[in-house]
Amino acid sequence: MTSQRTRERLVQRLQEQGVADLQVLDIIGNTPRHIFLDEALSHRAYEDTALPIGHGQTLSQPYIVARMTEVLIGAAGRLDKVLEVGTGSGYQTAILAQMVEQVFSVERIKPLQDKARDRLRRLGLRNVQLRHADGGLGWPEMGPFNGILSTAAPREVPRELLAQLAPGGALVIPVGAGAQELRLILREDDTDNFITQTLESVKFVPLLSGTTR
Ligand code: SAH
């Protein structure tokens, strides 16, 4: 179930759903998703579905990981610094780390962060820094970021994330309670203007404040 053929089938499915960025497809095809799951679920790793990772959280569906990554890369151009809010299993982090220079990822649940750290290390991805904190506040010491990607949904876009977006940068974020929409927010180059596009309906876990050990 974890064979190259199984992964190729997943990539084909993503293409059929409209994911077009060849680098994104290639990286998804070559990144083992099963190591981001508990063993009991690893046989389902290459299904295009969200899966539980404990603590009431989920590993995002591959389609949504691919889509958010391609939107971010397409919108922000040069991506030397990217902030991810919601490390979770670390799978989205691993995909990003293979596409951009540096990834900063924040998770509020410590045991999830610890597991993600081990997996990223196993994959030899060294351009990732993890932080245990409330990612709704961003990571001000490391900003501004060319790209910000949130894998948890706030009711409103946190102003701290907008403030940490570099000129020309892009924020990809699910927004809303219950019914959620995926938004792409661009910070214009020479002004403080933000341009918002709504992309599609999505279903993410909520962005919660504070941290747990
Ligand atoms: N990208 C992850 C998705 C995990 S689900 C993956 O593919 O595995 C979203 C994650 O966001 C959860 O782990 C949840 O704990 C985390 N989260 C929710 N609110 C947060 C916050 N304010 N700061 C940091 N992480 C948060």
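Start at 1 and go down the list; that is how both ligands and their atoms are numbered.
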J.: Does the pair Arg108/Asp134 count as a salt bridge with the N-to-O cut at 4.0 Å?
T.: no
J.: Taking ILVMFWY side chains as joined if any heavy atoms are under 4.5 angstrom apart, and letting links pass through other members, which residues group with Leu208?
T.: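 Leu208 shares its hydrophobic cluster with no other residue.
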J.: Can you list, by chain and residue number, the hydrophobic cluster partners of Leu137 when the side-chain cut-off is 4.5 Å?
T.: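 Besides Leu137, the cluster holds no residue at all.
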J.: Looking at every heavy atom in both Arg33 and Arg44, which two are closest together, and how far apart are they?
T.: NH1-O, 4.3 Å
J.: Do any N or O atoms from the side chain of Tyr91 and from the backbone of Leu59 form a donor-acceptor pair under 3.5 angstrom?
T.: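 Answer holds: no.
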J.: Residues two or more places apart in sequence or in another chain: which of them pass salt bridge (Lys or Arg N to Asp or Glu O under 4.0 Å) with Arg67?
T.: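 With neighbours one apart ignored, the set is Glu70, Glu200.
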J.: Write none if no such pair exists; otherwise list each N/O atom of ligand 1 with its protein N/O partner under 3.5 Å and the distance.
T.:
residue  : atom   : partner : partner atom : Å
ligand 1 : 1 (N)  : Gly86   : O            : 3.4
ligand 1 : 1 (N)  : Thr151  : OG1          : 3.3
ligand 1 : 7 (O)  : Ser60   : N            : 3.4
ligand 1 : 8 (O)  : Ser89   : N            : 2.9
ligand 1 : 8 (O)  : Ser89   : OG           : 2.6
ligand 1 : 13 (O) : Glu107  : OE1          : 2.7
ligand 1 : 13 (O) : Glu107  : OE2          : 3.4
ligand 1 : 15 (O) : Glu107  : OE2          : 2.6
ligand 1 : 19 (N) : Leu208  : N            : 3.0
ligand 1 : 22 (N) : Asp134  : OD1          : 2.8
ligand 1 : 22 (N) : Leu208  : O            : 2.5
ligand 1 : 23 (N) : Gly135  : N            : 2.7
ligand 1 : 25 (N) : Arg108  : N            : 3.4

